[in-house]
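So the structure is just underneath, and the comments pick up after that.
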Amino acid sequence: MRQSKLFTKSLRSISSEETAINAQLLLRGGFAFKHAAGVYSYLPLGWRVMRRVSDIIRQEMNGIDGQEMFMPALVDRKYLEATDRFKLDVGYDAITKTDKEPGFSLGWTHEEVITAIATHYIASYKDLPFATYQIQTKFRNEPRAKSGLLRGREFMMKDLYSFHTSEEDLNDYYQKVREAYIRVFNRCGLDVFYTLAAGGDFTANTTHEFQVLADVGEDTIYYCQACMLAQNDEVATWKDGEKCSECGGVIRKGNAVEAGNIFPLGTKYSEAMNLTYTDEKGERQHVVMGSYGIGVSRLMAIIVEVYHDERGILWPQAVAPFAAHIITIPGSAKAAQAAEKLEAELTLAGIDVLYDNRDSVSAGEKFADADLIGIPVRLTLSEKSLAAGGVEVKRRGEEETRVVAQAEVLDILRAVVSE
RNA sequence: CGGGCUGUCGUAUAGUGGUAUUAUGCACGAUUCGGGUUCGUGCGAUCCGGGUUCGAUUCCCGGCAGCCCGACCA
């Protein structure tokens with residue numbers, strides 16, 4: 001990708017009203033565009049990050065036998081009335097099918113939809129268990145959208161639903177999801193606390209959230225750094241400074257952002273929507289369900305909250321929009337020629353490269369842009385670097401640079417990408 | 001949904017009861033090239049509605065929008 005052709009440009013300044021770091025950096029760097037509070041477009045750079053995060057999620061969901069599918073955003077009123085969730089404030093429920101009354105809600109979650117589908121395909125215990133998921137835009141009529149991409153009126157979510165013959169089987173799967181979720185967040189570079197919480201509108205049971213410590217966080221948790229367990233203050237029995245009841249570590253109190261959550265739904269939805277199966281004895285039973293969510297766009301924002309410095313973002317390699325950023329110091333035809341060759345070589349090897357080929361932009365501005373955009377490896381080509389033996393390599397976030405021969409760059413990047 | 005603050009070129013800002021400052025951006029021309037180079041010329045704005053007034057971007061009322069706090073939040 002040539003930076004001269006990149007649709008977006010970085011902005012020198014954004015509204016002073018944006019106080020959330022993720023909003024400042026994602027807007028300034030050209031990753032996202034804000035249309036209204038809580039309503040964003042993902043621009044080419046941001047969408048690349050979203051796709052990388054989504055792909056990590058897909059791999060982990062497929063790894064626990066999740067089957068990807070896609071459901072409508074327009075949720076039929078009859079489904080939501082079956083579970084008495086049509087009038088909940090979080091939904092945009094005024095989508096009219098006729099001019100008389102609302103026929104749809106813009107989906108804010110899809111338990112009812114997947115359950116409606118399941119009633120057509122589940123008849124026997126032999127059909128269970130199974131799990132399906134989707135990555136889709138969700139709509140929530142937030143009374144107060146805020147904190148950049150952390151709390152949106154419209155946002156990207158991965159929602160997984162599982163169906164079982166028994167509570168035991170649900171619990172086994174619940175633990176598998178827990179482990180898969182922790183792998184997702186760790187692969188995105190985040191330390192998460194597995195956090196006990198209340199179930200809200202989804203279930204009367206307690207549930208679990210995956211919380212990432214961050215100043216911007218809306219939740220207060222009591223956490224143990226030793227065993228990575230935590231309790232949301234709405235259900236907490238721990239106190240700051242106490243010993244962890246699980247491992248004896250010290251409990252701390254902190255602000256955190258909820259990156260995901262998992263709910264043991266039991267038979268709440270299967271009873272409301274009459275989802276049953278016939279067991280080995282020929283008796284009808286209600287299907288036992290679980291639901292599991294990760295806010296994909298929120299995850300991108302959390303990564304920015306955790307990985308940034310005063311100059312910009314520091315994307316972890318696993319989610320970076322590009323693996324490497326080639327920069328030429330303007331004014332040197334030799335450097336530009338070498339850069340084109342390097343770009344071609346890396347691209348051929350399957351490495352995503354952004355090449356800042358702009359010729360009318362000063363070196364300083366290119367460096368400032370590179371720091372803001374936050375691609376993990378910067379490759380600078382100039383008369384100076386060529387004279388010193390090739391390409392100057394610098395990791396974002398480190399001050400150290402080193403010059404290597406062009407022939408070595410590919411091996412270095414292969415190593416970085418596989419980290 | 002309650003409370004507070006705020007709406008001025010694309011962005012960020014100054015100021016004013018008599019149509020508006022500066023920077024950045026953008027266009028053109030020069031200059032420069034290892035951390036947002038420098039110079040010139042040009043383009044570009046008072047959220048919407050009503051009221052007061054000879055005259056409102058300014059004052060008043062209402063609306064809308066944004067941010068922050070609270071409530072709410074899988």
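Just so we're on the same page: letters track the sequence lines, and every chain starts at 1.
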Between A:Asn22 (CG) and B:C67 (C1'), how many Å, whole number?
14 Å
How far, in whole Å, is B:G15 from B:A56 if one measures between their C1' atoms?
15 Å
Can you tell me the distance, in whole Å, between the CZ atom of A:Arg144 and the P atom of B:G3?
15 Å
Closest to the 5' end of RNA chain B, once A:Met157 and A:Leu11 are matched to their nearest nucleotides, is A:Leu11
Electrostatic pair A:Asp309-A:Arg396, nearest N-O below 4.0 angstrom
yes
Are A:Phe210 and A:His208 an aromatic pair by the rule of ring centers under 6.0 Å?
no
What is the nucleic acid contact for A:Ala197, judged by heavy atoms within less than 4.0 Å: base, sugar-phosphate only, or nothing?
nothing
Quick one: which of B:C33, B:G35, B:G25 gets closest to the side chain of A:Pro330?
B:C33
Taking the same atom, P, in B:G7 and in B:U46, what whole-Å distance lies between them?
15 Å
Remember a base hit wins even if backbone is also touched, and classify A:Asp371 as base, sugar-phosphate or nothing at under 4.0 Å, heavy atoms.
base
Report yes if at least one side-chain N or O of A:Lys9 is closer than 4.0 Å to OP1 or OP2 of B:G36; otherwise report no.
no
B:U22 and B:A14, which share atom name C1', separated by this distance in whole Å
7 Å
Checking contacts here: which listed nucleotide (B:G66, B:U24, B:G34) is nearest the side-chain heavy atoms of A:Glu392?
B:G34
For B:U13 and B:G51, measure between their P atoms and round to the nearest Å.
32 Å
Taken to the nearest whole Å, NZ/A:Lys384 to C1'/B:G35 is 11 Å
Nearest-Å distance, CG (A:Asp369) to C1' (B:U24)?
14 Å
Between B:C64 and B:C48, how many Å separate the two C1' atoms, rounded to a whole number?
7 Å
Euclidean distance, atom CG of residue A:Leu27 to atom C1' of B:G66 [Å, nearest integer]:
13 Å
Would you say a side-chain N or O of A:Ser362 is under 4.0 Å from OP1 or OP2 of B:U37?
yes
Less than 3.5 Å between a donor and an acceptor, one on the side chain of A:Arg378 and one on the base of B:G35, is that the case here?
yes
Give each stem of RNA chain B as a range with a range, requiring at least 3 consecutive Watson-Crick or G-U wobble pairs whose two distances are under 3.5 Å.
B:1-7 with B:64-70, B:10-12 with B:22-24, B:25-30 with B:38-43, B:47-51 with B:59-63
Ring center gap for A:Phe31 and A:Trp315 short of 6.0 angstrom
yes
Grab the NZ-C1' distance between A:Lys146 and B:A65 for me, whole Å please.
19 Å
Check whether any side-chain heavy atom of A:Met228 lies under 4.5 Å from a side-chain heavy atom of A:Tyr194, and answer yes or no.
no
Where the side chain of A:Thr19 is concerned, which of B:G66, B:G36, B:C68 is the nearest nucleotide?
B:C68
Looking only at side-chain atoms of A:Ser13, point me to the closest of B:G66, B:G35, B:U11.
B:U11
Looking at A:Arg52 and A:Asp352, does any basic side-chain N land under 4.0 Å from a carboxylate oxygen?
no
Mind checking A:Arg298 for me? I need base, sugar-phosphate or nothing, with any heavy atom below 4.0 Å counting as a touch.
nothing
Can you spot which of A:Tyr173, A:Tyr121, A:Phe163, A:Tyr161 makes a ring pair (Phe, Tyr, Trp, His ring centres under 6.0 Å) with A:Phe130?
A:Phe163
Separation of atom CG in A:Asp356 from atom C1' in B:G34, rounded to whole Å
13 Å
Please determine whether a side-chain nitrogen of the Lys or Arg among A:Lys34 and A:Glu18 lies less than 4.0 Å from a carboxylate oxygen of the Asp or Glu.
yes
Pairwise C1' distance, B:U58 and B:C47 [rounded to whole Å]
15 Å
When rounded to the nearest Å, what value does the distance between P atoms of B:G10 and B:U6 take?
23 Å
Return the set of residues passing side chain to side chain donor-acceptor pair (under 3.5 Å) with A:Asn232 (not counting sequence neighbours), or none when no residue passes.
A:Glu209
Under a 4.0 Å threshold between the charged nitrogen and the carboxylate oxygen, would A:Lys384 count as salt-bridged to A:Glu392?
no
So which nucleotide from B:C72, B:G34, B:G35 ends up closest to the side chain of A:Ala368?
B:G35
Specify the residue among A:Val361 and A:Glu209 whose closest nucleotide of RNA chain B lies further upstream toward the 5′ end.
A:Val361
Expressed in whole Å, how much space separates the C1' atoms belonging to B:U52 and B:A45?
26 Å
Nearest-Å distance for atom pair CD/P, residues A:Glu365 and B:G25
7 Å
B:U19: syn or anti, per glycosidic angle within 90° of 0:
syn
